[in-house]
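Chain A is the first sequence line, chain B the second, and so forth, proteins listed ahead of strands; every chain is numbered from 1.
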2 protein chains.
Amino acid sequence: MTTLVDVAKKANVSKMTVSRVINHPDKVTDELKQLVYQAMRELDYHPNMIAKALVNKSTRIIKLCILEDIDTTEPYYMNLMIGIAKTLDLHQYSLQLVTRKNFDIGNCDGYIITGMREQDVEWIRNLKKPVVIFGENRYGFDYVDTNNKTGTYLLSQLALKKGYERLIYVGIDSKESFEYSREAGYLQQVQEKRMMPELHRFGNHSHFAEEFIRDNWKSITNNTAFICASDRLAIGIVRGITRCGGKIPDDYGVTGFDGVFLNQVASPKITTIKQSIIEMGSACGENLLDKIDTNDKQGALVFEPKISLGGTLRD
Amino acid sequence: MTTLVDVAKKANVSKMTVSRVINHPDKVTDELKQLVYQAMRELDYHPNMIAKALVNKSTRIIKLCILEDIDTTEPYYMNLMIGIAKTLDLHQYSLQLVTRKNFDIGNCDGYIITGMREQDVEWIRNLKKPVVIFGENRYGFDYVDTNNKTGTYLLSQLALKKGYERLIYVGIDSKESFEYSREAGYLQQVQEKRMMPELHRFGNHSHFAEEFIRDNWKSITNNTAFICASDRLAIGIVRGITRCGGKIPDDYGVTGFDGVFLNQVASPKITTIKQSIIEMGSACGENLLDKIDTNDKQGALVFEPKISLGGTLRD
DNA sequence: ATCTTCAATGTTATCGGTAACAAATTAATC
DNA sequence: GATTAATTTGTTACCGATAACATTGAAGAT
């Protein structure tokens with residue numbers, strides 16, 4: 001490996017000048033800079049990040065903490081990691097995957113946290129390194145997420161435009177911020193149209209949604225659309241309606257949210273919100289690295305949702 | 001952060017002695033060792049891996065190269081990563097996720113490679129750091145995998161025991177080693193029973209398998225079991241048989257392979273080979289770290305397959 | 001012309017460890 | 001008991017970078 005000294009010798013300057021060309025180029029004359037650049041190119045010089053890390057007392061490690069149960073893991077996370085890793089690699093940082101159990105083993109320069117619950121706020125506040133949360137939150141942490149409210153707002157709007165006359169929201173029975181936002185999107189659309197809101201909440205499993213349909217089938221009038229907080233629930237609703245003999249999308253409409261995993265195997269495909277998790281992961285990484293560099297708050301980064309048309313709404 | 005010097009002062013020895021207690025404990029008297037251990041405990045000393053890496057000219061980074069198309073990514077890889085990360089974290093290594101495009105950016109101490117094809121053998125051979133392949137191969141690389149042959153052998157055996165009289169193998173149309181092994185398992189079982197082998201191969205998509213059933217439905221006699229090389233294919237076969245009016249598991253049996261992803265949403269659940277990818281990932285990590293430490297070949301690590309009973313075989 | 005001032009470059013010490021060599025202590029040999 | 005060998009511990013230099021301070025040299029002020 002070529003080092004600073006090799007470059008310095010070749011360019012006939014001190015190694016400090018080379019270091020400065022890299023880190024404070026404005027403090028070096030153009031003449032020397034050219035010499036140094038030339039030498040770096042000829043020797044194919046790449047700075048040794050380990051040495052850098054040693055003097056900076058940094059680690060070049062970012063921890064990705066997945067706080068949700070690993071059993072429920074979906075490709076979602078895989079895409080997230082791919083996105084994060086892409087950015088980090090570019091900046092010569094590396095990603096460490098940790099869970100609740102082992103998150104405090106070893107040092108790092110920053111955290112990306114996903115699956116945060118209320119109970120986690122405390123210890124996250126106490127972390128001494130920059131943090132970015134993946135998933136919206138109302139505790140003031142910087143975060144990256146889809147605009148959840150706009151998502152359900154748009155889907156509700158679309159359902160109405162397709163002529164469904166009744167809109168039932170099927171939500172997740174949890175106190176998390178994203179759920180409130182998705183409900184809010186539905187509510188706003190419904191209120192704008194002066195309709196009666198109808199909300200139901202279940203654990204995020206398809207069979208809960210399916211049971212709900214079965215148990216209430218007679219009260220579910222024709223021409224109803226279900227705005228679901230997740231693809232899982234949407235699939236349950238579809239299954240329930242189908243088993244009860246209802247016709248999708250002619251008599252009933254269904255929309256989901258997420259569009260990562262289940263949509264690949266579902267039949268018919270759910271009309272849902274497509275999230276570009278990879279892109280969001282990259283954003284997460286960049287957000288965090290900026291934060292590390294500048295030591296500044298970066299604020300939230302909200303991605304505008306895109307509808308992915310499936311076969312569960314008319315047309 | 002407490003350093004070697006802090007510990008050395010507290011224990012009234014030179015820092016070199018402390019270093020030796022950690023790395024060559026046999027070269028230090030028990031008396032001093034106790035003093036040093038005591039001091040380390042009191043100061044809660046943890047070695048600085050960055051400094052270590054600098055003098056050892058190592059990086060403490062392991063690259064996980066996923067060579068398959070990211071689009072086809074399944075939770076499979078997520079589990080793999082969790083397994084690998086678990087081991088690496090324990091040894092204070094960190095994992096870097098790379099793909100074909102960016103695999104040579106930045107240094108590392110070793111590679112774990114998955115999704116290897118024949119075309120990759122060349123450059124993998126040329127890598128200068130230790131390598132472990134995830135997935136069996138016949139090029140002499142160390143690897144970790146399920147015993148693929150035993151897997152299909154056992155499933156075939158089970159199908160016969162359940163009384164199915166005809167066994168059709170549905171394989172993946174690719175030249176990869178795992179496919180050959182799965183075929184071999186089926187063949188061995190069939191030959192032991194002096195039956196006529198019947199093999200078909202398709203791209204690894206459920207609709208190919210489904211079409212196959214439709215196109216050949218009249219020649220598919222009752223009491224046939226399909227030994228499939230993947231859950232995807234198995235799901236296609238199930239769908240095909242169901243659509244043609246066949247009854248599973250009464251008149252037709254189906255088995256898959258993998259049991260990670262699709263099995264969660266399939267209905268009925270496929271009888272398949274369950275692979276503990278997390279565990280295999282850990283093994284991968286340990287294998288590689290051993291290799292880095294000893295600079296030795298570690299050989300293959302083959303996990304014995306376990307059958308996961310679903311509803312696609314009788315009983 | 002001399003003294004400041006400031007910008008451009010070089011020197012030295014440092015980050016936290018380890019290897020290689022030096023010194024000190026103990027044990028072994030004659 | 002003196003000499004040598006072996007074991008244990010300490011000293012120094014180094015890994016590859018950067019910060020802090022020192023030096024040089026040219027422009028501007030008096």
**OP:** Could you check which residues of residues 24-49 of chain B get a heavy atom under 4.0 Å from DNA chain D? Sort them by number, please.
**Re:** B/V28, B/T29, B/L32
Original post:
Counting only heavy atoms not in B/K129, do more than 12 sit closer than 6.0 Å to its NZ atom?
Top reply: yes
**OP:** Give the intermediate values and the outcome of side-chain contact (heavy atoms from CB on, under 4.5 Å) for residues B/E122 and B/N126.
**Re:** CA-CA 7 Å; B/E122 186 71 16; B/N126 287 329; 4.2 Å; yes
Nearest whole Å is fine: how far is [N] [atom2] from [X] [atom1]?
X: B/R60; N: C/dG17; atom1: CZ; atom2: P; result: 12 Å
X: A/I50; N: D/dG16; atom1: CD1; atom2: C1'; result: 11 Å
X: A/M16; N: C/dG10; atom1: CE; atom2: P; result: 11 Å
X: A/Q92; N: D/dA17; atom1: CD; atom2: C1'; result: 14 Å
X: A/L4; N: C/dC15; atom1: CG; atom2: C1'; result: 15 Å
X: B/I22; N: C/dA19; atom1: CD1; atom2: P; result: 12 Å
X: A/M1; N: D/dA17; atom1: CE; atom2: C1'; result: 12 Å
X: A/K57; N: C/dT14; atom1: NZ; atom2: C1'; result: 9 Å

**OP:** Answer yes or no: is there a donor N or O on one side and an acceptor on the other, between the side chain of B/N147 and the main chain of B/E304, under 3.5 Å?
**Re:** no
Original post:
Taking the side chain of B/K52 as its heavy atoms from C-beta onward, which of D/dA17, C/dG10, C/dG17 lies nearest to it?
Top reply: C/dG17
Original post:
Among C/dT18, D/dC15, C/dT9, which is the nearest nucleotide to the side chain of A/R20?
Top reply: C/dT9
Original post:
Within the structure shown, what part of the strands sits under 4.0 Å from A/S14 by heavy-atom distance: base, sugar-phosphate, or nothing?
Top reply: base
Original post:
So what does A/V13 touch, heavy atoms closer than 4.0 Å: a base, only the sugar-phosphate, or nothing?
Top reply: sugar-phosphate
**OP:** Give me the one residue out of A/I277, A/V144, A/I278 that meets side chain to side chain contact (heavy atoms under 4.5 Å, CB included) with A/L80.
**Re:** A/I277
Is there a side-chain polar atom (N or O) of [X] under 4.0 Å from OP1 or OP2 of [N]?
X: A/T17; N: C/dG10; value: yes
X: A/N56; N: C/dC15; value: no
X: A/S19; N: D/dA17; value: no

Subject >> Charged tip of A/R125 within 45° of A/F141 ring normal and under 6.0 Å >> reply: yes
**OP:** Measure distances between side-chain N and O atoms of A/K15 and base N and O atoms of D/dG16, and say whether any donor-acceptor pair falls under 3.5 Å.
**Re:** no
Original post:
Just wondering, do B/D89 and A/V98 contact through their side chains at under 4.5 Å, heavy atoms?
Top reply: yes
**OP:** Could you tell me whether A/K57 and A/D109 make a salt bridge, using a distance below 4.0 angstrom between a side-chain N and a carboxylate O?
**Re:** no
